[in-house]
Amino acid sequence: MTDTTPPMDPTIAEDLLLLLFDPRARVIRGEGSLHYPLGGAVLSQLALEERVEVEDQGAWRGRTARAVATS
């Protein structure tokens, strides 16, 4: 049986982890605050795939991201 699914491109978060990986030390750098850039990478990926909507609430309140259902 052969797998006919096409290979998937890496996500922004996966690319980020590859960039932060230090092969000499065998660790991912910045692990103490890694949740911030990873969260941004995931949200950016979802925005590129049009799976979130961003609503501008003005200068003082910022923006709100809302998940969009897919079929």
Side-chain angles (χ1 to χ4, degrees):
M1 181 179 281
T2 60
D3 187 14
T4 59
T5 58
M8 294 178 54
D9 291 331
T11 64
I12 296 172
E14 291 169 333
D15 284 342
L16 177 63
L17 287 174
L18 285 174
L19 286 171
L20 293 175
F21 180 67
D22 182 353
R24 290 183 184 162
R26 295 184 179 185
V27 297
I28 295 175
R29 295 294 176 186
E31 64 269 359
S33 60
L34 193 56
H35 55 282
Y36 294 117
L38 277 179
V42 169
L43 189 56
S44 297
Q45 185 76 41
L46 290 172
L48 286 173
E49 295 173 0
E50 298 180 351
R51 293 177 181 243
V52 293
E53 293 177 349
V54 178
E55 178 183 318
D56 190 357
Q57 297 182 349
W60 293 103
R61 295 195 62 208
R63 295 183 177 170
T64 301
R66 182 178 27 255
V68 176
T70 60
S71 54

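Counting begins at 1 with the first residue of the sequence. None of the values given here were measured: they were computed from a predicted structure.
Other residues sharing a hydrophobic cluster with L20 under the 4.5 Å side-chain heavy-atom criterion for ILVMFWY residues are L16, L17, F21, I28, L34, L38.
Across all their heavy atoms, A13 and V42 have their closest contact at CB-CG2, 4.2 Å.
With sequence neighbours left out, the salt bridge (charged side-chain N to carboxylate O under 4.0 Å, His left out) criterion links D22 to R29. Evaluation of the salt bridge (charged side-chain N to carboxylate O under 4.0 Å, His left out) rule for E53 yields R66 as partners, not counting sequence neighbours.
For residues 6-16, no residue pair satisfies the salt bridge (Lys or Arg N to Asp or Glu O under 4.0 Å) rule, not counting sequence neighbours. Counting only residues at least two apart or in different chains, side-chain hydrogen bond (donor to acceptor under 3.5 Å, both in side chains) contacts with residues 34-49 comprise Q45-E49, E49-R51. Applying the salt bridge (Lys or Arg N to Asp or Glu O under 4.0 Å) definition to pairs two or more places apart or across chains, none involves residues 32-47.
Screening L48, L46, L43 against I12 for a side-chain contact (heavy atoms from CB on, under 4.5 Å) leaves a single residue, L48.
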